[in-house]
K.L.:
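Okay, handing you the structure first.
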Number of protein chains: 2
Amino acid sequence: MKTTKDPLIGELSAIVGSDAVLFQPEDLLAYECDAYTIHRGMPRAVIFPKTTEEVAAIVKHLHGMRIPFLPRGAGTGLSGGAIPLGGEVIISLVRMKKLLHVDIENRIAVVQPGFVNLKLTHSISDKGYYYAPDPSSQYACTIGGNVAENAGGAHCLKYGVTTNHVLGLEVVLPNGEVIELGGAPDIPGYDLLGFMTGSEGTLGIVTKITVRILKNPEEKQTVLAYFDEVEDASYAVSDIIAAGIVPAALEMMDTVAIEGVECGTYPVGHPPGLRALLLIEVDGIAAGINEQIAEIVDVCKRRNVMDVRVAGDEEERGRWWANRKTAFAAMGTISPDYLVQDGVIPRSRLPEVLDSIRRISETSGLRIANVFHAGDGNLHPLILFDARKPGETDMAVEVGSAVLKVCADVGGTITGEHGVGIEKREEMRYICTDEEIEAQTRIRAVFNPHNLLNADKLFPKPSRCAEMKRIESDR
Amino acid sequence: MKTTKDPLIGELSAIVGSDAVLFQPEDLLAYECDAYTIHRGMPRAVIFPKTTEEVAAIVKHLHGMRIPFLPRGAGTGLSGGAIPLGGEVIISLVRMKKLLHVDIENRIAVVQPGFVNLKLTHSISDKGYYYAPDPSSQYACTIGGNVAENAGGAHCLKYGVTTNHVLGLEVVLPNGEVIELGGAPDIPGYDLLGFMTGSEGTLGIVTKITVRILKNPEEKQTVLAYFDEVEDASYAVSDIIAAGIVPAALEMMDTVAIEGVECGTYPVGHPPGLRALLLIEVDGIAAGINEQIAEIVDVCKRRNVMDVRVAGDEEERGRWWANRKTAFAAMGTISPDYLVQDGVIPRSRLPEVLDSIRRISETSGLRIANVFHAGDGNLHPLILFDARKPGETDMAVEVGSAVLKVCADVGGTITGEHGVGIEKREEMRYICTDEEIEAQTRIRAVFNPHNLLNADKLFPKPSRCAEMKRIESDR
């Protein structure tokens, strides 16, 4: 029998049972960080509720005692949103993993937050349906976490990110109150549903999610195109969109990324030294797909493609996607460590931004692999470094910040789908004025007056200027 | 020279010039109501700024003096959002009507709030682009008003409502501060952009809007189908969606609506006594359209369609749409007055809800015409009445509320695209708990601590229960 002097452990155990509370240092170690590993922090305890009522009871108790806490899904987040920097109690939602309801006729599914993303598609594929948002971590990440981060994925170009698929939420507010948001096709009053989605676990803990499910497209076809010049590939991306085609996915990789994936678990034989490849998928009603593919191939040829081909069968298509979707992990084979960034830029600025990133890489001496959702201008520069070398981690963080500055300066933004979390708090200043950050933090305070829920995430510390303004304001 | 004893008029004139302030009772009459005519109220003045700076200066002045105010676009709103119930100063945005910027390559346009919806499409159609949200009032309504109400339209089934097309906003907050929201493809931090969109002019005044523009579809084809039974038409709607087709538009009209449009300005010769018609439009890449149309025709035949045909040319297609888009106005030919409702239901509940509406009509003795976006389950029951007959206006309002109760009870909601405004404040209780309304009003208070901006809209008066809770709460 494990024991502790912390009276909170007994109190939490009384709510959920002692087999649902971790408190020993060796058990807590696994919860020191999520998939963002630059920062770490030890939680006070980890608790595993199974029902909304348990979550509400835990939150009420912690709120009453003014003890800080934060929610956690599968821990696959890339910006540190689930890392306890202030000794928080972690409320893990992995035991709330039920598929509660599927309504094919109205195309909705209702899940608990710990339900794994890909399992939803697996559960409804026999009926010919799927769940569209497909982050690369979809085999592990939970839909609750997807909602918190407003997760994207390769197929978001055509189908949109998580917020476009969430129809309703049940949320436990930071004081333990339970509210329902949405649940119907449109939302009278303020769009609290969209507001909660992507709020990175700082406004409430999602305990039930209603999502839209889609009918499987009748047909999918996938094109792989190799280019000698990054510019040509970039222009091909713009040309495809300009032709009026909205591909389901339009992905790009550069030389370093291609080197990585070819050393990874799913190589497909891309030629060494290749400057850029595009992976383009079109889906929909079968009629017309061939014409779209022909037009995509034509565009690539006009942009000096070296080689372009269409996947011959589902097996080949699957191999190309496995190669792409495991790109982040594959970087581990060519670098001891890597930091993935998540900037967004206007599609038309792709060539110049990639050039700026190349120059940042040269100046810093750190290699950068680019693997990204080219169709929506959502870059994922992977900064390769070695944490054992003194100063390299700090350098990688600096390089990441510099890349985001480039994105912000061309009219883009600092995150497309990974969230701000701990990682990009200060970079919020690249895109927000003090007034804009103030407006957001004032809203957080409405939900979270004692700042108990996932404090220290999402926003920079108020600048002196903003603080002065607050004092002067009559609000 | 007009004169007034109200010192505010001189103060406002000092900001915008005396030719931009109305204050004489005869000038103010036109601003007593918008397209929702059940309630009326006289503004204290109407002011016409031309720039963001003028709006900010006006708001700062009014905020400083604690004088209530509200924004107004073209006054085409259907829920009373622009009606001054408390003697507000109306800030009319119709002189802020510039198209500021078009960027075809990145597919965005930037407009001032008073820019008319349809003008945007007209301004870019020579380049092969258009703006998707198409409320029936699009020839008159402003994009600023569309943002306030999160306006929809017939083509929102495939393309989404206004919030899906707004990429950035410049907003003057109720204290006169100016903030920018969005402006890039994704929004780090809370989704204030989505939150502001559809907030019905209660959180800020939008002074600049960045919207997505779309490439014209290569082809459009339109089907008109007549049915003997409302049920058959309803099932055809579900069957088309279930076949994996997402029509650009999927509209339905019932007997009374058809009678109305045939007496209106654009009759097309629908047979008298017809029970239901569907207007179905498919658009996209030319290849494949014919197959989709063939499948739609097949579905209609399986559902006992009486007659089904495809528009022969653009002229015929245009006539069908003019007939549909002027349906509300056409009701004026068969009834002295009408009240349009805006409920949303799950598509699968269409037959039973239409039946409930029929029974409400019979019980009340008021005729109800149904003309609506069947594809997204967005009903527009038009309640026909005669305001000159004692009690009929009240009866029409009661019938409208009863219809919304039916929608809420089947898991739907009380507004799809017209907003809550004055009209549906109390009906918010059909879909929100006291806690949920509280959460929303707390946020309004953050932006609007003195409740000067469009007070008395959007939310019911707090119930006793909610007030008790607020007092007991430690927040």
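In what follows, chains are A, B, ... by sequence order, proteins preceding strands, each numbered from 1. These values consider heavy atoms only, across backbone and side chains, with no hydrogens, waters or symmetry-generated copies.
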K.L.:
Run through A/D342, A/I414, A/N150 and flag the one making a side chain to side chain contact (heavy atoms under 4.5 Å, CB included) with B/P188.
P.N.:
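Among A/D342, A/I414, A/N150, the one that satisfies the side chain to side chain contact (heavy atoms under 4.5 Å, CB included) with B/P188 is A/I414.
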K.L.:
Can you tell me which portion of B/N164 sits under 4.5 Å from chain A's heavy atoms? Options are side chain, backbone, both or neither.
P.N.:
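For B/N164, the contact with chain A is made by the side chain alone.
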K.L.:
Under 4.5 Å heavy-atom distance to chain A, tell me which part of B/A408 shows up: side chain, backbone, both or neither.
P.N.:
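Neither part, no heavy atoms under 4.5 Å.
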K.L.:
Is B/N106 reaching over with its side chain to a backbone N or O of A/S348, donor-acceptor style, under 3.5 angstrom?
P.N.:
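Here the side-chain-to-backbone pair exists.
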K.L.:
Are side-chain heavy atoms of B/I245 and A/I285 found at a separation under 4.5 Å?
P.N.:
yes
K.L.:
Please classify the contact of B/I104 with chain A as side chain, backbone, both or neither, using a heavy-atom distance under 4.5 Å.
P.N.:
neither
K.L.:
Which bit of B/E105 comes within less than 4.5 Å of chain A, counting heavy atoms only: side chain, backbone, both or neither?
P.N.:
both
K.L.:
Does a side-chain heavy-atom distance below 4.5 Å link A/M196 with B/D191?
P.N.:
no
K.L.:
Please check if atom CZ in A/F195 has more than 12 non-hydrogen atoms from other residues, nucleotides or ligands closer than 6.0 Å.
P.N.:
yes
K.L.:
First locate atom CD1 of A/I179, then atom CD of B/E435, and finally report the distance between them rounded to the nearest 0.5 Å.
P.N.:
9.0 Å
K.L.:
Among B/K424, B/R444, B/K457, B/E218, single out the residue with the greatest number of heavy-atom pairs under 4.5 Å to chain A.
P.N.:
B/R444
K.L.:
Check A/A287 against B/E291 and note the closest heavy-atom contact, atom names and distance.
P.N.:
CB-CD, 3.5 Å
K.L.:
Inspect the surroundings of OH in B/Y430 and state if more than 12 heavy atoms from other residues, nucleotides or ligands are less than 6.0 Å away.
P.N.:
yes
K.L.:
Given side chains that start at C-beta, do those of B/E180 and A/T433 come closer than 4.5 Å, heavy atoms only?
P.N.:
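The answer is no, as the side chains (C-beta and beyond) never meet within the 4.5 Å cut-off.
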K.L.:
Below 4.5 Å, heavy-atom pairs only: which of B/E295, B/R349, B/R347 has the largest tally toward chain A?
P.N.:
B/R347
K.L.:
Does any backbone or side-chain atom of A/A286 lie under 4.5 Å from a heavy atom of chain B? Answer side chain, backbone, both or neither.
P.N.:
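Interface part for A/A286: neither.
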K.L.:
Taking every heavy-atom pair that is under 4.5 Å apart, which of B/T202, B/V178, B/T197, B/V171 has the most such pairs with chain A?
P.N.:
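Counting heavy-atom pairs under 4.5 Å, the top option is B/T202.
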K.L.:
To the nearest 0.5 Å, how far apart are CG in A/L203 and OH in B/Y190?
P.N.:
4.0 Å
K.L.:
For chain B, find which of A/I431, A/I241, A/I289 contributes the most heavy-atom pairs closer than 4.5 angstrom.
P.N.:
A/I241
K.L.:
Under a 4.5 Å heavy-atom cut-off, does chain A meet the side chain of B/T163, its backbone, both or neither?
P.N.:
neither
K.L.:
Look at A/A439, A/G284, A/A242 and state which one has the largest set of heavy-atom pairs under 4.5 Å with chain B.
P.N.:
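Option with the top pair count is A/A242.
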